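Each remark here refers to the structure printed beneath this line.
Being a predicted model, the structure only gives us computed values, none of them experimental. Position 1 is the first residue of the sequence; numbering continues from there. Computed from heavy atoms alone, side chains included, the values below leave out hydrogens, waters and symmetry copies.
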Amino acid sequence: MFLDEAYELCRKICEEYAKTFYLGTKLMTEDRQKAIWAIYVWCRRTDELVDGPNADYMNNSVLDRWEQRLEDIFNNKPYDMLDAALTDTICKFPLDIKPFKDMIDGMRMDTRKSRYANFQELYMYCYCVAGTVGLMSVPIMGIAPESSVSAQTVYNAALHLGIGNQLTNILRDVGEDALRGRVYLPQDELAQFGIRDEDVFTRKVTDQWRKFMKEQIRRARFYFNLAEEGASHLNKASRWPVWSSLILYRKILDAIEENDYDNLTKRAYVGRAKKLVTLPVSYARALSLPSLAIQ
């Protein structure tokens, strides 16, 4: 009964804060649903340490304690009800602690870095805070028995989806991050287009900014294309939330373009009507059989 209550609490949190993703999980088997909800909640709690209401009190010692608590979860010693749901999930599925620890490292980056010299640095941040989610999820979602590709191929696709999602988050939130003195964009590429941090902080959309944004959007779409190649190789019952994420995040990039690349004073979003339209589209893609080989 305790675990039932724990998973029910995870379900409610996922339903409230990730409505479209939550709807996609409803097609999964019951065990997979619960496990994905437990992972989602742990990731959300981890993110809120840095971006939540108590973020002003964040320091490395808080993250060190959170990492120790993670190790306790993996050692079957949960601290609270939500931890217990993840501990039970770990007992049922072959989860590795490394992506969870790497996500905490991503939070550490947020406490000490507000600039990224190049895309290599930014990629590592995107991996830690989002690519890790894909690696956590594959053991839960499972690989289609009819898939002919290697497990590593599927894991790579999940990683690429996380990278694409985080790059899209960054592009969507540029203006809001600038208000906090943060620039999650490659400094060397900004310089190539003659853009300085001060130009970002003044939040003025110029032709140089539009050209720069076109290249950043192109890169995000590149990672989504890589992710798509493996999405249909997941277990059939697990594909809908993945396809929903792929399609909806691409639409955020479309919205930035529709706003004439003004992501400095406007926040690109996908309206409810457009979201509802994507659900049957993503469902149809989820039903598609994996190809015999990835080109």
Side-chain angles (χ1 to χ4, degrees), residues 14 18 20-40 43 86 89-103 123-124 126-168 218-253 277-295:
C14 189
T20 304
F21 179 79
Y22 168 77
L23 185 60
T25 67
K26 297 299 286 181
L27 282 183
M28 296 180 177
T29 61
E30 184 178 353
D31 277 355
R32 284 176 174 154
Q33 283 181 26
K34 291 178 176 178
I36 286 294
W37 297 336
I39 289 175
Y40 170 83
C43 292
L86 184 56
T89 293
I90 291 163
C91 292
K92 293 176 178 175
F93 295 91
L95 291 171
D96 186 347
I97 196 173
K98 186 177 187 304
F100 292 84
K101 286 195 165 195
D102 287 346
M103 176 173 277
Y123 177 92
M124 282 306 302
C126 291
Y127 159 72
C128 286
V129 300
T132 51
V133 179
L135 301 184
M136 297 172 193
S137 302
V138 172
I140 309 299
M141 294 184 168
I143 298 173
E146 66 272 23
S147 172
S148 61
V149 303
S150 68
Q152 188 60 52
T153 298
V154 179
Y155 273 91
N156 287 343
L159 171 60
H160 292 144
L161 177 58
I163 298 295
N165 284 354
Q166 187 60 27
L167 289 174
T168 302
R218 180 195 59 76
R219 175 184 282 145
R221 285 179 172 147
F222 168 76
Y223 281 100
F224 285 139
N225 290 340
L226 292 178
E228 184 173 326
E229 291 179 339
S232 291
H233 291 266
L234 290 169
N235 187 285
K236 185 176 180 180
S238 303
R239 294 176 201 156
W240 194 17
V242 176
W243 277 109
S244 297
S245 177
L246 261 168
I247 293 172
L248 285 172
Y249 267 79
R250 279 173 165 159
K251 287 187 176 297
I252 293 173
L253 297 176
V277 168
T278 68
L279 292 177
V281 175
S282 58
Y283 182 68
R285 296 300 299 267
L287 293 178
S288 64
L289 293 173
S291 57
L292 294 178
I294 292 179
Q295 300 298 319

Verify side chain to side chain contact (heavy atoms under 4.5 Å, CB included) between Y40 and V133, making sure each step is shown before the conclusion.
CA-CA 8 Å; Y40 170 83; V133 179; over 6 Å; no
Atom OG of S238 and atom CG of L27: how far apart are they, to the nearest 0.5 Å?
9.5 Å
Any F100 side-chain heavy atom under 4.5 Å of T132 side chain:
no
When rounded to the nearest 0.5 angstrom, what distance separates CG in L86 from CE in M136?
9.0 Å
Heavy-atom neighbours of K92 NZ exceed 12 at 6.0 Å:
yes
pair R32-F93: side-chain heavy atoms closer than 4.5 Å:
yes
So do S282 and R239 actually touch side chain to side chain, heavy atoms under 4.5 Å?
no
Main-chain N/O of M28 paired with Q33 side-chain donor or acceptor, under 3.5 Å:
yes
Heavy atoms, side chains only, cut-off 4.5 Å: are L226 and L159 in contact?
no
Using 4.0 Å as the upper bound for N to carboxylate O, is an ion pair formed by R221 and E228?
no
T153 side chain to V149 backbone, donor-acceptor under 3.5 Å:
no
Pairwise side-chain contact, W243 with S232, heavy-atom cut-off 4.5 Å (strictly under)
yes
Where C14 and Y22 come nearest, the two heavy atoms and their spacing
O-CB, 3.9 Å
Reference residue W240; test side chain to side chain contact (heavy atoms under 4.5 Å, CB included); the match among L234, L23, T25
L23
Begin with the C-alpha distance, continue with both residues' side-chain angles, and end with the deciding distance and a verdict on side chain to side chain contact (heavy atoms under 4.5 Å, CB included) for L161 and Y223.
CA-CA 7 Å; L161 177 58; Y223 281 100; over 6 Å; no
Look only at the side chain of S245 and the backbone of V242, and say whether a donor-acceptor pair between them is shorter than 3.5 Å.
no
Between M141 and V154, is any pair of side-chain heavy atoms under 4.5 Å apart?
no
What's the spacing between K34 NZ and I140 CD1 if we round to 0.5 Å?
13.0 Å
For residues G162 and A130, report the shortest heavy-atom separation together with the two atoms involved.
O-CB, 3.3 Å
For P241 and G24 the tightest heavy-atom approach is CD-O, 3.3 Å
Distance (rounded to the nearest 0.5 Å) between C128 SG and Q166 CD:
10.5 Å
Rounded to the nearest 0.5 Å, what separates atom CZ in F224 from atom NE2 in H160?
12.5 Å
Atom of Y127, atom of K98 and distance for their closest heavy-atom approach
OH-NZ, 4.0 Å
Approximate separation, where rounding is to 0.5 Å, of H233 NE2 and S148 OG:
6.0 Å
What residue among I39, T89, L95, D96 forms side chain to side chain contact (heavy atoms under 4.5 Å, CB included) with P139?
L95
